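Just so you know, these numbers come straight off a predicted model, no measurement behind them. Just so you know, residue 1 is the first one in the sequence shown, and it goes up from there.
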Amino acid sequence: ATLAQGLHRLGPTCALIGRCSQHYVQAKTAELLGGMQPGGIPQAAPPGGSRDGSKASRAGSKASGSGLHGGTSRGGGAGEEDEGEEAEVQGEIAEPQESSFWVVCENGVKVYAEPSTDATVLEELPGGTRLEGFETDGWVRRANNDSAGCMLVKDHETQEVYLLKEPPTWQVSGNGTNVFAEPSMQAIVLEELPGGTRIQGIVSDGWVQRVGDGVIGFVPVNDPVTEEVYLEFVPPLRDMGKVAMEAELCAAEMRLVAADVRLRMEEDDLLPSIGDRGEERRVHLHGQAEATGAEAERLAADAEELRARAAEAQDLADEAARALIPPEPELDEDGNPIEPEKDEIPDDLRESDSELSEPWPPKEMVERAERLAAEAKEAAKQSKRTTEASESATASATAVRDALQTTEEELKRRVDTAARVASFWSEARTEDISCAVIWLHGQGESEAAWQTKLAGVSVHERAGPCRWIWPRAELQRCSTRGGVLTPQWFDTPEFPICRVVRGVPDRPRIDEHPKDLTKATRRAHAAIEALEAEGLPSDRIVLAGFGQGAALVTHAVLRFQRPLAGGAILSGWIPCKEALAKAAAASMPPGGWESAPQFFWCHGARDGVVEPRLATDQAKWLREELGAQVKFRMFPELAFGVDAEVLQALEAWLDDRLAGPEPQEDDGEENGEGEEPAEGGDDVGEEKVPARAQAQAKAEAAPPGGSSLGGSRSGGSAPGTAPSSAVSRGRTPSRQ
């Protein structure tokens, strides 16, 4: 596009070229953004026909709007300025519909800078030169982008002809055809042309009249009765440059598509999770695979055609080069050349003996051989360009097709895994569930200790039966522990988690790798998808975690394509913020979320593993940048861990997200009248202090940076049990 804008300042000819190139880029960009629909390269049409591909490309560029230079990206008035400039250029010179090939006559022709004999003469072309150009008002403007200029077709005063339109080339079909003396099937047959023969001629009423030195006759294009095709139009060799250029542009676009697909594959963005959003992206990828495959096949066919035409051009050049070799004279018995006697010389040549002494080869043959050699070299160059573009396009199409296959396999694997896990849970469960909590443990620990610590945390019976899911992280080499195999969701490069690592000089902390977060997020999504396969809606599922598990909660919630009940973050942080923002925007439904994602964040003011100031800043970023609703609580005396107060706050938040608000009691009960609440019950308007929280007051505190099973004031009861106070208060046990 920048090139097109610069060309507008170089004159009417370059303005025309610039406008065409800009329209082509806009049309191709519109196709790319619209799903990479396959578009054809404009092919040369026989005389009198039309280039449907070129017209379609120009129509597509006009219909697609401003393409890369839309009004939204360039500001108001930019599009109007371009339209005015284009109208001005169209007023200066009418855009021709077709370019033609011309041959310079014997005396040569002058090339002017403008269509006027008073303009500057740029160069003078010798006779026999072939060129491609557009004819307008008796002037031919060269169509080659590398050279400009105008040439006069005919001098109106002296009637001298400078340029002759080169007749098109035709190729006889495989069955061959006859050459007739007149344009009629009943005329005398002069000769028979075998299949593959090429001739030059002017077409009229279905007949091609042969032109050239000493050739006559008429050849039918097709049989009017059987409609059998006898002649096929052969595009001129000059079109090879256009085909090569368009092939390179198409290959470049396909490389962009393949690069985008590869990036999405690395970020697991092609199939974020099972559902409508993932299916939408899979269908889009399927369309891209079909489009790029069709484009690759078309470019391969173009490359094959150009290779054949380059071989033909080389054959013509070789033939012309062989013609330059002087004929070998006849030798006598002694090996000496035999000179012809004077009597054997025709009379009409006796007075022109000087012509026999001219050097061999003749000048005309040398010029013809040089021209054919140059055309063969140019044809080989364009054929090589097209072949390389075809190979690049084929590689890109293969990459997209492989990505589609990988996505299909990943989809099948996820569906099978979710169905298998759901079937296992269905057989093991004792009753139907109405909600679930997925707990993600921290680094260097397992879910076992958390089952004990969270045994007293339950959801109110208004939420119905609740199931707790305890995924376990895989053993991975931990960078902060010297490469020791450690259960962790992803590798954390360094601790503590802080904004700036103090030193000389200070430096930013090394962030986690996005690919590790993507892999961990996929494991969390697998648990959600299994619950969905069992029949539980996603908005009845809560993700919660501690430490590194809490860091995974934000990614798992925001990168899931359907709404969840919320996410609880205990002493956590947000790794890879930029990757999370991009993935969250891509996973959002087209119309946006019906309600903002809900998060509950608890952090200790004395946390030495995750800096408290970093936690507050990231919670603010999560609310302001990603539009989430974050309930943040800072506990003054808490270190890296949990205590009874944190568990109490977590239980209250789970009740709010899964059970809903507690129904209001009568005024008398609110004022303390009537029966007193049962032991362990809740007073409306007062903060809930369950008995299990008091039973956890003697828990061991976890050291910062070590095992994160307990906080500075936390504890737990036996695993798999629920305190009697929870049952008496109408809460469902936390374990089934």
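Expressed to the nearest 0.5 Å, how far CG of Leu531 lies from CD1 of Ile528 amounts to 8.0 Å. In this structure, Leu440 CG and Ile469 CD1 are separated by 11.5 Å, a value rounded to the nearest 0.5 Å. Taking OG of Ser538 as the start and NE2 of His525 as the end, the distance is 10.5 Å to the nearest 0.5 Å. Here the CZ atom belonging to Phe560 is positioned 5.5 Å from the CD atom belonging to Glu529, to the nearest 0.5 angstrom. The structure places CZ of Arg522 at 12.0 Å from CG of Leu517, a figure rounded to the nearest 0.5 Å. For the atom pair CZ of Arg477 and CG of Leu485, the computed distance is 5.0 Å after rounding to the nearest 0.5 Å.
Within the 3.5 Å criterion, the main-chain N or O of Gln488 finds a donor-acceptor partner in the side chain of Gln476. In this structure, the side chain of His603 engages the main chain of Val610 through a donor-acceptor pair within 3.5 Å. In terms of modelled atom types and a separation under 3.5 Å, the side chain of Arg540 and the main chain of Ser434 share a donor-acceptor contact. A donor-acceptor pair under 3.5 Å is absent between the side-chain atoms of Arg559 and the main chain of Ala583, judged by distance alone. Between the Ser587 side chain and the Ala584 main chain, no donor and acceptor come within less than 3.5 Å of each other. Judged by distance alone, with hydrogens and angles left aside, the side-chain atoms of Ser571 form no donor-acceptor pair with the main-chain N or O of Phe546 at under 3.5 Å. At least one donor-acceptor pair closer than 3.5 Å links the side chain of Arg462 to the backbone N or O of Gly660.
Ion pairing between a basic and an acidic side chain is recognised when a charged N comes within 4.0 Å of a carboxylate O; Glu494 and Arg507 show such pairing. Electrostatic pairing of Asp416 and Arg420 does not count as a salt bridge here, judged by no charged N lying under 4.0 Å from a carboxylate O. Of the charged side-chain nitrogens involved, at least one lies within less than 4.0 Å of a carboxylate oxygen, so that Arg414 and Glu410 count as a salt-bridged pair.
Judged as a side-chain hydrogen bond (donor to acceptor under 3.5 Å, both in side chains), and not counting sequence neighbours, Glu391 has no contacts. Judged as a ring pair (Phe, Tyr, Trp, His ring centres under 6.0 Å), and not counting sequence neighbours, the contacts of Phe600 are Trp653. By the side chain to side chain contact (heavy atoms under 4.5 Å, CB included) test, Ala520 is found to be paired with Trp489, Phe490, Leu552, residues two or more places apart in sequence or in another chain being considered.
Atom NZ of Lys577 has more than 12 heavy atoms from other residues, nucleotides or ligands within 6.0 Å. For Glu578, the CD atom is loosely surrounded, since the number of other residues' heavy atoms within 6.0 Å does not exceed 12. In Glu409, the CD atom is crowded: over 12 heavy atoms of neighbouring residues, nucleotides or ligands sit closer than 6.0 Å.
Between Arg633 and Glu645, the closest side-chain pair of non-hydrogen atoms falls below 4.5 Å. Within the 4.5 Å cutoff, the side chain of Pro575 has heavy atoms near those of the His555 side chain. Using a 4.5 Å heavy-atom cutoff, the side chains of Asp491 and Glu512 are not in contact. Side-chain contact between Asp539 and Leu564 is absent, with no heavy atoms from C-beta onward closer than 4.5 Å. Between Leu650 and Cys602, every side-chain heavy-atom pair lies at or beyond the 4.5 Å cut-off. No side-chain heavy atom of Leu626 sits less than 4.5 Å from a side-chain heavy atom of Phe599. By the 4.5 Å heavy-atom criterion applied to side chains, Lys519 and Glu474 are counted as neighbours. Looking at Leu638 and Asp607, their side chains never come closer than 4.5 Å, going by heavy atoms from C-beta outward.
Just one residue in the list Arg502, Arg509, Arg499, Arg606 forms a salt bridge (charged side-chain N to carboxylate O under 4.0 Å, His left out) with Glu611, and that residue is Arg499.
Trp468 and Gln451 share no donor-acceptor pair across their side chains, judged by distance under 3.5 Å alone.
Counting all heavy atoms, side chain and backbone alike, Leu543 lies closest to Ala556 at CD2-CB, 3.3 Å.
Taking the six-membered ring for Trp and thresholds of 30 and 60 degrees, Trp439 and Trp450 have ring planes inclined between 30 and 60 degrees apart.
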